[in-house]
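Worksheet: one structure, shown below.
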Amino acid sequence: MFEWSETQEAVRDAVRKFVEAEVKPKVDELEHGDLPPYDIIRKIYSTFGMDQMARESFKRALERKVSGEAPADRSEARGDGGAAGMTLIPIIELCHYCPGIVTAMGVSIGLTAGTVMKRGTPAQMERWGLDLLTLEKIGAWAITEPGSGSDALGGMKSSARRDGDEYILNGNKTFITNGPYADTIVFYAKLDDGSDTPVRDRQVLTFVLDRGMEGLEQSEPFRKMGLHSSPTGEIFLSDVRVGRDRLLGETEEETGGGGRESAKDNFVTERAGVAAMSLGLIEECLSLSVAYARDRELWGKPIADFQLIQLKLARMEVARLNVQNLVFRHIEMMAAGKTLTLAEASAMKLYSAQAASEVAMDAVQLFGGNGYMAEFRVEQLARDAKVFQIYAGTDEIQVTHIARDLLSRPS
Amino acid sequence: MNVVVCVKQIPDPAAPQALDPQTHNLVREGKLILDDSDSYGVEMALQLAEQAGGGEVTIVSMAPNGETSGLRTALAMGAAKAILISDEALRGSDALSTAKVLAKAIERVSPDLVLAATESTDGYTGTTPVQVAELLGLPSITFAKKVSIAGGKVTVERQTEAGYDEVECPLPAVVTVTAGVVEPRYPSFKGIMAAKSKPVDQLTVADLGLEGQVGSAGARQAITDVADADTRQSGEIVVDEGDAHERVVQFLEQLKLV
């Protein structure tokens with residue numbers, strides 16, 4: 001694929017119209033105020049019938065789980081029917097204005113609901129999955145801790161101490177997207193079974209918590225560099241008592257890899273998502289920059305006439321083309337029932353995130369003093385782009401994943 | 001309740017446009033989109049059909065090069081099918097030619113109601129819908145800001161400069177709706193995917209039996225010249241030397257605003 005299909009273009013046009021009408025007028029409140037993004041996300045879902053589609057896919061997933069049928073893996077014979085494109089188009093369009101909305105939505109639906117649906121029992125899917133998938137409830141996915149980000153699983157200190165049939169949960173989580181507002185929290189903790197297994201090596205269990213539980217505290221949103229339309233906070237657990245019904249899968253047995261694998265399941269989807277976000281942000285920076293270069297005059301002519309400005313525009317176009325090609329490749333592979341390797345997904349994320357940051361900072365430079373002012377919007381996009389290199393695996397982690405995958409292959 | 005909506009597919013107003021130097025017609029070679037002013041008619045039709053508890057909405061359009069992009073938008077919103085009249089012989093059609101073509105196509109559906117926008121946002125003649133009504137021998141009401149159907153009659157709040165008139169006429173009828181009569185829905189993703197397989201009947205001038213009567217052959221109207229509009233004059237700048245408020249009041253008095 002080298003361009004969107006007619007249907008994909010129709011979806012893009014419809015979402016673009018919505019974003020211009022519903023998101024653009026609220027950018028100030030979202031990015032420079034404290035307006036939480038959830039009502040807008042719910043409106044996107046209801047407007048485009050995504051809530052109804054979620055109900056239908058929930059029903060199918062539940063039936064599969066109950067019947068014990070294997071999940072719809074993307075075998076080569078059966079692609080995703082173009083679903084990846086349909087998911088990524090709204091992401092790209094939203095990132096023209098508010099990448100944070102995508103982060104808040106992605107964490108609630110992709111990570112939180114995704115984990116419950118994949119690891120939960122049918123009862124747990126019904127209890128939490130549907131409300132999360134339709135955005136009736138907002139989800140947070142709590143893995144990172146103050147002392148461990150990239151080393152989230154090994155360095156994790158949060159504990160789940162067995163107490164009869166129940167568990168006592170303790171620990172602090174930080175940088176938790178939707179943390180301040182989440183109704184449902186997927187919480188990762190190390191099993192404390194009373195043995196002297198070193199903490200690093202203990203089994204990771206996954207629990208589901210509800211807002212307001214005794215001993216569970218959710219912080220106010222953090223002040224941060226950018227991505228203000230995605231509220232981020234801390235979660236504190238102090239002797240939170242839970243039954244086995246809140247342990248995902250309702251067993252400590254590591255079927256399908258347990259909590260550690262559960263956290264890693266999301267790598268490819270998440271990394272492709274960041275590439276799509278980068279594409280939207282780059283497209284916006286490029287079109288704003290081209291328009292500004294034409295309009296802005298210095299020494300009696302448009303700055304577009306100066307070659308140093310042309311160089312910036314050319315570099316932005318190179319980045320746009322490369323990232324678009326990567327996103328198209330992912331969409332096409334998914335449609336063909338294939339998945340990116342860990343090295344490919346990590347390379348795509350590494351390149352796209354760096355490209356987005358560079359393009360956005362070049363746009364600020366091209367706009368000069370105006371670029372530093374909020375009114376011209378590129379400063380917000382530049383602040384937002386920086387996090388692409390940090391979350392969903394830092395640049396440095398992507399490098400190690402690429403290398404690890406390449407070096408683990410038979411010579 | 002079967003409703004036909006006449007729609008126009010126009011070049012994207014956000015993209016740069018050009019006039020053909022020979023014919024002075026708008027160049028319509030690229031992708032065309034559903035005229036935004038027609039989305040109100042489509043939404044109105046869908047709501048009326050839903051309220052009536054049944055029936056379907058048919059889109060009728062005339063466009064060059066078999067263009068269906070704009071029709072797909074209307075189908076994605078929920079219309080059941082579309083009729084497209086696309087024929088090289090239609091090049092150079094004036095408003096009356098267009099009305100003849102649309103009327104012939106509409107006859108095939110025998111609808112209870114025909115809706116159209118008050119005017120297109122590329123041509124702005126605003127005459128086609130009433131010509132369609134005349135050719136079909138149907139009553140017409142223009143500038144509707146509210147439309148309701150009951151007891152075989154259509155009742156319309158017809159926009160006027162001072163407010164609105166309440167007008168009614170028996171069905172079938174032709175009604176033109178203003179922008180803002182209803183809030184057009186966004187097509188759902190499912191709707192967009194379903195629109196791909198909804199029927200679009202493509203007809204030619206011969207299918208409608210209108211050979212030699214439409215297009216440049218039947219045109220009674222020609223664009224003889226196109227001239228640039230006068231450049232807007234720059235405004236007067238008043239430097240405040242303590243009397244600016246008086247100057248402003250004088251200016252407003254001149255305009256009889258105070």
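Chain A is the first sequence line, chain B the second, and so forth, proteins listed ahead of strands; every chain is numbered from 1. In this text the structure is predicted, and so the values were computed from the model without any measurement.
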What's the spacing between B/F189 CZ and A/M50 CE if we round to 0.5 Å?
5.0 Å

Bottom line for A/M86: the part with an atom under 4.5 Å from chain B's heavy atoms is both

Go through B/A76, B/G191, B/P187 and name the one with the most non-hydrogen pairs under 4.5 angstrom from chain A.
B/P187

Between chain B and chain A, which N or O donor and acceptor atoms come closer than 3.5 Å?
unit_1: B/K31; atom_1: NZ; unit_2: A/E9; atom_2: OE1; d: 3.1
unit_1: B/K31; atom_1: NZ; unit_2: A/D13; atom_2: OD2; d: 3.4
unit_1: B/D36; atom_1: OD1; unit_2: A/K17; atom_2: NZ; d: 3.2
unit_1: B/F189; atom_1: N; unit_2: A/F48; atom_2: O; d: 3.1
unit_1: B/K190; atom_1: NZ; unit_2: A/E56; atom_2: OE1; d: 2.6
unit_1: B/K190; atom_1: NZ; unit_2: A/E56; atom_2: OE2; d: 3.1

